[in-house]
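No experiment lies behind these values; they were computed from the predicted model shown. Order of appearance sets the numbers: ligands from 1, and atoms from 1 within every ligand. We use all heavy atoms of the structure for the numbers below, so side chains are in, but hydrogens, waters and symmetry mates are not.
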Amino acid sequence: MLNIVIFGPPGSGKGTQSEKIIERYGLVHISTGEILRKEIKEDSDLGKIAKSFIDKGELVPDQTIIEILEKKLESLNNVKGVIFDGFPRTVDQAVALKKMLQRHGEDVNVMLNLEVDRQELIARLLKRGQISGRSDDNLETIEKRIRVYEERTFPVIDFYKKEGTYTPIRGVGEINDIFKRISDAIDAVKV
Ligand code: ADP
């Protein structure tokens, strides 16, 4: 299997690039943000819990997210690989993912870190908020999400550096040029 973690701060283009990766490589897309937004729309118990964190720009508790991931992974069979988008967001989540994959004799093959500077992130997210109407794409929540990213998610980079799969990607410029950088990095990985 080809297992990819697409990583980066909010607004770095993880979702956009994931769609292109799935198309080219035929992978299953697991986006924790999308799963949570679906639960919120359905007003499920999980959705109610998730909304209280998301609207404040905070992370949903690790235990909740890890359980969602476990269920999702168990439901897959005969897949070419998975792209993890928005997960792991904490070092504990990264450790949990490693254990989950290990049970199936798998591991993360490449971690792609989309690098985009703060000013560009804020501009992109404000623009997205006008179109998508996402409740967390307003200036106050955006700034909080970036702070949470810096404090809790950034350390995940070190985890993957130690794993030897860390790959920085310049996330600024034309969508297709960024995708070229990504696909070159994926093609360089021998699975
Ligand atoms: P973005 O990358 O733009 O922040 P996402 O759709 O990935 O968008 O995530 C939106 C929100 O969902 C996050 O701010 C967080 O509250 C919650 N969330 C998503 N994935 C996770 C995760 N792995 N752990 C904890 N919270 C998460």
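- Using a 4.0 Å cut-off between charged nitrogen and carboxylate oxygen, Asp177 and Arg181 do not count as a salt-bridge pair.
- By the neighbour-count criterion of 12 heavy atoms within 6.0 Å, atom CG of Leu76 is densely surrounded, having more than that number from other residues, nucleotides or ligands.
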Exercise answer: donor-acceptor pairs, residues 112-121 side-chain atoms, under 3.5 Å, sequence neighbours excluded:
| unit_1 | atom_1 | unit_2 | atom_2 | d |
| --- | --- | --- | --- | --- |
| Asn113 | ND2 | Tyr166 | OH | 3.1 |
| Asp117 | OD1 | Gln119 | N | 3.4 |
| Asp117 | OD1 | Glu120 | N | 3.2 |
| Arg118 | NH1 | Glu150 | OE2 | 3.1 |
| Glu120 | OE2 | Arg124 | NE | 2.9 |
| Glu120 | OE2 | Arg124 | NH2 | 3.3 |

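- For ligand 1, residues of the protein lying within 4.0 angstrom by heavy-atom distance are Pro10, Gly11, Lys14, Thr32, Gly33, Leu36, Arg37, Ile54, Glu58, Leu59, Val60, Ile65, Gly86, Phe87, Arg89, Gln93, Arg128, Arg134, Asp136, Arg145.
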Please set out all donor-acceptor pairs under 3.5 angstrom arising from side-chain atoms of residues 50-61, sequence neighbours excluded.
| unit_1 | atom_1 | unit_2 | atom_2 | d |
| --- | --- | --- | --- | --- |
| Lys51 | NZ | Asp55 | OD2 | 2.6 |
| Ser52 | OG | Ile49 | O | 2.6 |
| Asp55 | OD1 | Ser135 | OG | 2.8 |
| Glu58 | OE2 | Lys144 | NZ | 3.4 |

Please output the side-chain donor-acceptor pairs of residues 92-100 that fall under 3.5 Å, not counting sequence neighbours, one pair per line with the distance.
| unit_1 | atom_1 | unit_2 | atom_2 | d |
| --- | --- | --- | --- | --- |
| Gln93 | OE1 | Arg89 | N | 2.8 |
| Gln93 | NE2 | Asp62 | OD1 | 2.9 |
| Lys98 | NZ | Asp107 | OD1 | 3.4 |
| Lys98 | NZ | Asp107 | OD2 | 2.8 |
| Lys98 | NZ | Glu163 | OE1 | 2.9 |

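- Val110 places none of its side-chain heavy atoms less than 4.5 Å from the side chain of Val5.
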